[in-house]
Protein chains: 2
Amino acid sequence: MNKDIQTTELDAQTASATQKAYLAIQRMIVVGEISAGEKLKIGTLTAKLGTGASPVREALSLLTSDQLVERIDHRGFRAAQTSRENFEEILGLRCALEDRALRQSIAAATNEWEERLVLSHHRMVRQPREDVEAFEALHKTFHMTLLDNCGSPILIRYCSQLYDLNIRYRYIAGQTVNYQSRDIGAEHQAILAAAVDRNADLAAERLINHYRQTGAFLNGFFSRMVPVDL
Amino acid sequence: MNKDIQTTELDAQTASATQKAYLAIQRMIVVGEISAGEKLKIGTLTAKLGTGASPVREALSLLTSDQLVERIDHRGFRAAQTSRENFEEILGLRCALEDRALRQSIAAATNEWEERLVLSHHRMVRQPREDVEAFEALHKTFHMTLLDNCGSPILIRYCSQLYDLNIRYRYIAGQTVNYQSRDIGAEHQAILAAAVDRNADLAAERLINHYRQTGAFLNGFFSRMVPVDL
DNA sequence: TAATTGCAAATAATCGATAAAAATGTTTCA
DNA sequence: TGAAACATTTTTATCGATTATTTGCAATTA
C-alpha cells in the first residue's frame with residue numbers, strides 16, 4: 001500500500017522471474033529447507049520454481065555475493081557451508097558493523113526516523129510468535145530500521161547480509177529454544193528506548209549485548225551438536 | 001605456475017564465459033572505460049565481448065552485488081553512479097574495516113604470512129609505474145596481503161570490494177596526479193615495516209593515514225570538478 | 001588389489017530465438 | 001500549441017535446445 005514505508009516489498013505480478021527465484025532460494029537456504037553444503041542443481045530448481053534456467057542461474061549468482069551460495073566454475077552451485085568458525089565470524093563482524101551503523105543512525109536522528117522506529121517495533125511486538133516467518137520478517141525490519149538512518153547504503157547492505165547469514169544459524173538451532181530463558185521483548189524495548197533517547201553509547205551497548213547473548217547461546221548449542229564440520 | 005602464491009589467477013582457456021565477462025566488465029567500470037551511470041546494454045556487451053546474453057547477464061548480476069552495477073527490474077543494468085558522498089562513504093568504511101582486518105592479521109601473524117607480505121611488497125616496488133594496470137594489480141595484492149591473515153573471509157571480501165570501489169575514483173581523478181606530491185613508496189615501506197614488526201597500532205595508524213591522505217587529495221579534486229551529481 | 005584408463009550418463013554452461021516490456025516517435029483531437 | 005492515444009522500435013527477460021564439462025562406473029592393466 002504505502003510504498004514509502006516498506007520499499008522492499010514488491011508486487012508479485014510485476015516481479016521478474018529472477019527476483020522471485022532469488023527470494024525463494026534465499027528463503028529456502030536461510031530457513032534450512034536447503035541444508036548447508038547441499039548441491040543446488042539447476043534442473044531441480046527450475047522444476048521446483050517453475051521457471052527456466054536463466055533466472056535460476058542469475059538468482060544463484062546474486063546469492064553468491066550474499067555468501068549464501070558458493071559457485072564453482074563448471075561444477076555448479078551449492079549452499080554455503082556452516083561451521084562454528086563461520087558463525088563466530090559473522091557474529092563478530094555484525095557487532096562491529098552494527099555498532100558503527102547504529103551510532104551513525106542516532107547521530108543523524110530525526111523525528112521521522114524515530115517514528116519509523118517506534119512503528120517497526122510496535123508491528124514486531126504485535127505479531128504473534130506462532131507465525132515464525134512473519135515474525136522474523138518484522139524482527140529484521142526493526143533491526144534494520146535501527147540502522148537505516150546511518151546514511152551509508154553500503155554499510156546497511158553489509159549489515160543486512162550479515163543479518164541473514166546469522167539468522168540462518170538461528171533456524172539451524174531451532175526457533176523456540178533460545179527465547180525461553182531470556183526476555184527478548186524487554187531487550188528490544190530497552191534498545192528502542194535508548195535509541196529514542198538518542199543515547200548512542202547505551203543503545204549500542206544494549207544492541208551488542210543482545211547479539212552476544214544470542215551468540216553465546218548458539219555457540220553452546222553448536223558445541224553440543226555434531227563436531228565434524230560440514 | 002605456482003598455484004599456492006596466486007590463487008586468484010585463472011587459466012584463460014578454462015575460465016567460463018561468465019568469469020571472463022565478469023572480469024572484463026569489472027575492469028572497464030573500474031578503469032573508467034565505462035563511465036558512471038552509463039547504461040549497460042546486453043546487446044552492446046555481447047557484441048564487444050563476443051559471447052552470449054546469458055554469461056553477460058550473469059556477470060552483471062555478480063557485479064551488482066559488488067556495487068559496481070545497478071540493476072533495475074525490466075530496465076536493465078547500468079554502471080553505478082559516482083558522487084562525493086559515495087566516495088566518502090567508501091573511504092570511511094574502508095578505514096574502519098581495514099583497521100579491524102589489519103589488527104586481526106597482525107594478531108595472527110606467522111612467518112609464512114610475513115614472507116608473503118615482504119614478497120608482495122617487493123613485487124609491487126619492482127613493477128614500473130608506466131604499466132598502470134599491472135602496477136595497480138600488484139598494489140592491490142600488497143594491500144590485500146596485509147589483511148588476508150585476519151582469518152575472516154567475509155571481512156576480506158568486503159575490503160576487496162571497497163578497494164575496487166575506491167580505486168575507481170582514483171582512475172576518475174587520473175592516475176599520476178596524486179603521486180607527485182607524496183612519497184607513496186615510503187608510506188608503503190613504513191606500513192610494511194610496522195606490520196613485520198607486528199606493531200598493530202602503528203601499522204593500522206599508518207595504513208589509515210595512507211588512505212586518508214589519498215582521500216583528502218581526491219576530495220580536493222572532486223570539489224574542483226563538476227558539482228552537479230551524475 | 002589398487003590404480004589407471006576409457007566410456008556413458010548426468011549436469012553445467014552457453015547460444016539463438018521468442019515473448020514481454022519499455023522507450024520513442026507519430027498522429028489525432030481538444 | 002499541447003497532451004493524450006496509438007503504433008513502432010528498441011531492449012530486456014525468458015525459454016528451449018545445443019554444446020562442453022564433469023562425474024561415476026566399469027573394464028583393463030600392473
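By convention in this document, chain letters (A, B, ...) are assigned in the order of the sequence lines, proteins followed by strands, and residues within each chain are numbered from 1.
Within the 4.5 Å cutoff, side-chain heavy atoms of I42(B) are placed close to those of L60(B). Contact of the L207(B) side chain with the H143(B) side chain is registered, since non-hydrogen atoms from C-beta on lie closer than 4.5 Å. Contact annotation: the side chain of L165(A) never approaches that of F87(A) to less than 4.5 Å [non-hydrogen atoms, C-beta and beyond].
Within the 3.5 Å criterion, the main-chain N or O of S83(A) finds a donor-acceptor partner in the side chain of Y169(A).
With respect to K140(A) and E136(A), no salt bridge is recorded, no charged nitrogen being found less than 4.0 Å from a carboxylate O. Ion pairing between D66(B) and R157(B) holds under the 4.0 Å rule for side-chain N and carboxylate O.
Taking atom CD of residue Q19(B) and atom C1' of nucleotide dT14(C), one finds them 15 Å apart after rounding to whole Å. Distance CG (L60(B)) to C1' (dT14(D)): 16 Å, rounded to an integer number of Å.
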Every protein N/O lying under 3.5 Å from an N/O of nucleotides 10-12 of chain C:
{"residue": "dT11(C)", "atom": "OP1", "partner": "K41(A)", "partner atom": "NZ", "Å": "2.7"}
{"residue": "dA12(C)", "atom": "OP1", "partner": "K39(A)", "partner atom": "NZ", "Å": "2.8"}
{"residue": "dA12(C)", "atom": "OP2", "partner": "I42(A)", "partner atom": "N", "Å": "3.3"}
{"residue": "dA12(C)", "atom": "O3'", "partner": "G76(A)", "partner atom": "N", "Å": "3.4"}

So which protein N/O to nucleotides 15-17 of chain C N/O distances come out below 3.5 Å?
{"residue": "dC15(C)", "atom": "OP2", "partner": "T51(B)", "partner atom": "OG1", "Å": "2.9"}
{"residue": "dC15(C)", "atom": "OP2", "partner": "G52(B)", "partner atom": "N", "Å": "2.5"}
{"residue": "dC15(C)", "atom": "N4", "partner": "S54(B)", "partner atom": "OG", "Å": "3.2"}

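Annotation: the span from L162(B) atom CG to L93(B) atom CG amounts to 5.5 Å, rounded to 0.5 Å. In this structure, the separation between CG on N166(A) and CD on Q161(A) is 13.5 Å, given to the nearest 0.5 Å.
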